[in-house]
Number of protein chains: 2
Amino acid sequence: QMPRGNLETVHHRALVLAQLRTWLDSLRFRDSFECMRKLRINLNLLYDHNPKVLLENMQTFITQLSSISHINLFLTELKEEDTTSTMYPRPENSWVQTQPVSGQKKVDVVCDALRSAMESMDPNKFFLSVLTTHVKKTVPELEVALQKVHELRVNPPPAPGAVSAEEALKYLLFLVNVNDLYEHSLGTYDFDLVLMVAEKSQKDPKEYLPFLNMLKSLETNYQRFTIDKHLKRYRKALHHLSKCGDEHFHEALQLVKEQKLYSEALRLYAADGAQYKALSCCYAEHLMEQQQAEQAGLLLWRCGEPVGALQAFASSSSWRNAICAAQQIPLPPDQLALLARDLAEKLTEQRRYSEAALLLDQYAKDCEEAILALITGSVWEEALRLIYMHNRQDITETNLKPALLEAVGTQTAFLEAQVATFTRHKTRLAVVREQKEKARLDMLDEDGPDCPDAELYSEASSVMTGSKYSQSNSRVSSRSSKNRRKAERKKLSLKEGSPMEDRALMYALGEILTTVDKMREEVHGLLKALVLFQFDKQAEKLQPAYEEALQMMEAAVPEVWLESLQNNQAPLTGPNSTANSIMASFQQQQRPAASQPAAEVLMPPKMRNGVKWKLAILM
Amino acid sequence: QMPRGNLETVHHRALVLAQLRTWLDSLRFRDSFECMRKLRINLNLLYDHNPKVLLENMQTFITQLSSISHINLFLTELKEEDTTSTMYPRPENSWVQTQPVSGQKKVDVVCDALRSAMESMDPNKFFLSVLTTHVKKTVPELEVALQKVHELRVNPPPAPGAVSAEEALKYLLFLVNVNDLYEHSLGTYDFDLVLMVAEKSQKDPKEYLPFLNMLKSLETNYQRFTIDKHLKRYRKALHHLSKCGDEHFHEALQLVKEQKLYSEALRLYAADGAQYKALSCCYAEHLMEQQQAEQAGLLLWRCGEPVGALQAFASSSSWRNAICAAQQIPLPPDQLALLARDLAEKLTEQRRYSEAALLLDQYAKDCEEAILALITGSVWEEALRLIYMHNRQDITETNLKPALLEAVGTQTAFLEAQVATFTRHKTRLAVVREQKEKARLDMLDEDGPDCPDAELYSEASSVMTGSKYSQSNSRVSSRSSKNRRKAERKKLSLKEGSPMEDRALMYALGEILTTVDKMREEVHGLLKALVLFQFDKQAEKLQPAYEEALQMMEAAVPEVWLESLQNNQAPLTGPNSTANSIMASFQQQQRPAASQPAAEVLMPPKMRNGVKWKLAILM
């Protein structure tokens, strides 16, 4: 970090820094400043050396620097960088709290502190420096600066030697690009200020005068709207336009649509007015395009547009709201029934059978269809409830009982298939692991611990390879992390001999276990229905079949999800290890740990043993 | 393992074993057998040396041994123990498949193989040995043996030198306890056999003859029932008793109750009979005592006892079934309404508001109460549906809107409290970890790597301590594992300075995160309802508050659930480590890995980022 040069200079600088530190500690700012200027040491050090001390002694600092140009020099050189951690490291054993005002930026802290000190000391004298503190801020406060210049012109201070508005503006133009300043002067809606800036700039009066005159002729709110729009400050523009009365509402609506300022617009108009309603309708249209039909429906409904709301709700399967809107219209009974049937059909497609049944029963008044929907969805108890409610016990014989027998067959076959696949994968996993371990040990014996191929054959290596893609950033959005996991899974191939076959098998085994574990509620309901209708034989087969499947999978957990994989592998020691293999396994451990998604595959899925599903009468 | 004695004997035995192996390999069973008998070498070795060879050469083996007493000697000495892995280890480099018939016990395999060989060669000659093979089985087949003796008596074989029934029975009595044999002979229901055994025994005819005569006088099924009951074979007893007709049903019911043979009993009687119904009622009573009221209800309902079923269902909150049973009775409308109210009250206590509302609405015909239940349960959309269905928009103003405003207040306050606790725990966790790490390094520097106290201060040690209680058995029942986890959690104290404070904090943080994450659905529903009723201001506060809480917690995940804890800690290397500390951390790794429940605390709870809850119109 030190500049290249002859030894003398290098030595000199180190001594100088020591000297500077002593001076700064004893508040000799003037000496420090001059020395730093001469030797071209970054002026940030004045603050960085001990921020707290400078902030608490601002007035001393200003008094000692005395000259405005000195203060401005310090201000212009201000940077967010902490020079004591980059250019001029502190000597060891010295410790200073570097960030006294937490959360705020250093530059802003210094600017605000300097300005407040200067304004309390002599605002006229330090006028240009005050301007500088506004301009230097992280988000430059150009309008405030302009406002101060404007005030200076309106009320020139009587103090002798005070800077003139002319000079101040010139100075501002030296600090800031003229076009920026012009735009910002427009943003103050103060035409005197605008003219002042325009005159000082090299702008052509033929260009800006007609525009300014046009603006001057407008009603205040519309004028401000026009300026805001010109400056692309659309929110402010809308705010002003909303005050311009009904005749400009069309324009406002246009602006809202163009700039998608719907939410803001709704806040600006009274909720019971026609304009609010028009805005709501536009917003709803936009939301429909954005696939947010339900929210569109809410907006339409609350502003008194139940027909539109009904459509929006219906298209988003928000069936309860759709029905309410329909009853508010109110839809005639036959059309309500038709609507209910439409909604029920959609819900059935989404396998939401209970909701579909409610619609069919209560709004389409078709209890038979409702019961059939429940039977299709295996919602046995609710189906029976409707059967009794509507006194349709005939359906028990014609549909419910046959469906129960079919369900028990389907479930049994499904269970058998799951158990078979689980067993096959588990057996294969043991083979793959043995092969990998054998290959790894062979490799280590042959080539010693430095052999890079050896790790290809360790179980841990699959984990590492997998995690490579998921380490970089922990704050990725949920969407991208979802995609990433999907991509990772794609790499897991169950094909025999694929490089990550072991992990693919673990993943597949976990999926099967979770699927079978999730069947508890459904099996419980089915068993009860079977018993009720005296299908004891079928129930007596299903219950032990499901229990065996659960037990088999639970017993396989420690075998499939080895504990040694969940944590890192322990160093490989034992009667069969060689010095080389121990060294190699030790080196493997020093690589970064597996990251989240990879670790997930290595943790066994949880079984919900708390969910009781067995019937005592079948045991 | 070798017997103590003079050197000569020891030497001798080793040589003898080598000789025996050679003989057995060349099928010289006779020589082997005699040598083993003489030198008192365990006869099991005949089989254990190479099971497959003996099984494939059974006839040769029998022919060479020739004498029945030799075969019996071999049989009586048979044990499950594999002598080649206990008494007579194989020489190295020899390998034999020890268990040719997998799953079956060795003794059973040998007995069955020997018997089948002998019976094919000369069943009369080897009769006593055949009996021995039955008696020697893991579960002795006494009845089969007795049956064979009985047959011998009925049809004495003409073959010369064949053993007589008399002799055979005598031999059996020599092998088996006389009382066992008598009981088993009874179990064959063959009185000739019984008498034969009784006569051979020292039993007093005055004792057994009256009993046998009484039995003989009974009808066959009742006779067999009496014998089974005498022998405590209650299932068989019930089976026979069920065939004895109605006059014995009372006795059967008694037996079923005493021995809790309900399920078996139901299988023995026709489902449409009065006896089936009586059994079902008894079973239901038993199930009620066992807190299985719902299953009791199913039994009562299906056997045509809807009143009893209704009570059972009602007491287990199985409300759908209760209502169906009530309608089957059928209960008069006013009583049905009363029942519905009772059930609804119970469900409300269980916070099952939607179900309570259904009962109140559809069966108690009290839509107002139903709507209020839904509002209490924050089931906003469904409440609105009923409001529109029953045209009770007045409730919107009087109850729904005030409840919405209260809910948004409650949720906001709850969120704030959760966030505050989370932040406090997180800060404290950082402090505890720093202290532990510091204490650990200090300890290592002072005392070197062998200091046993050092590990008390490592984060990993908390894990180890916790896992001590949960390693032993992976096949514990779900209940005991639940209790165990509860006990483990009790040890986690949040009190400052408690030994596992860090883990207690992680556990508490995980609980908060899960709780807040679970609010997604409820917040989503509340936001929609707020927007619908134009409470935009409240919604616009709740949405960012909840979002910030979720983001804050998600961002804290990598900090709280350090990756280095999820896996084992990597060896501690780096600029601050000493040779001692590296050694110590390396040694720590060799201890057993953390087991499941302990590892769970170290894994961050999953956040359900897939559950979309935000409203676009509030962003």
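Computation of the quantities below employed the complete heavy-atom set of this structure, encompassing side-chain atoms and omitting hydrogens, waters and symmetry-equivalent molecules. Quick caveat: nothing in here was measured; it's all calculated off a predicted structure. So that the names make sense, note that chain A is the first sequence line, chain B the second, and so on, each numbered from 1.
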Out of [options], return the one with the most heavy atom pairs under 4.5 angstrom to chain A.
| options | value |
| --- | --- |
| B:Q295, B:R267, B:Q292, B:M619 | B:Q295 |
| B:L618, B:I323, B:L384 | B:L384 |
| B:K528, B:K537, B:Q290 | B:K528 |
| B:I387, B:L266, B:L615 | B:L615 |

Kindly indicate whether the side chain of A:V557, heavy atoms from C-beta on, has any atom under 4.5 Å from the side chain of A:P604. yes
Check whether any side-chain heavy atom of A:L527 sits under 4.5 Å from a side-chain heavy atom of A:V531, and report yes or no.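 Side-chain contact under 4.5 Å: no.
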Would you mind checking which part of [X] comes under 4.5 Å of any heavy atom in chain B, side chain (CB onward), backbone (N, CA, C, O), both or neither?
| X | result |
| --- | --- |
| A:M607 | neither |
| A:E381 | both |
| A:W380 | neither |
| A:Y262 | neither |
| A:F533 | neither |
| A:L287 | side chain |
| A:L299 | side chain |
| A:L336 | neither |

Tell me, side chain or backbone of B:L358 under 4.5 Å from chain A's heavy atoms, or both, or neither? side chain
Under 4.5 Å from a heavy atom of chain A, the part of B:N391 involved: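 The answer is neither part of B:N391.
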Under the 3.5 angstrom rule, does the side chain of [X] hit a backbone N or O of [Y] as a donor-acceptor pair?
| X | Y | value |
| --- | --- | --- |
| A:E382 | A:L374 | no |
| A:S280 | A:C303 | no |
| A:D517 | A:R608 | yes |
| B:K612 | B:N609 | yes |

Under 3.5 Å, is there a donor on one side chain and an acceptor on the other for B:W613 and B:E547?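 There is no such pair between these side chains.
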Side chains of B:Y276 and B:R302: do they bring a donor and an acceptor to under 3.5 Å? yes
Residues two or more places apart in sequence or in another chain: which of them pass side chain to side chain donor-acceptor pair (under 3.5 Å) with A:Q362?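 Applying side chain to side chain donor-acceptor pair (under 3.5 Å) to A:Q362 gives B:R385.
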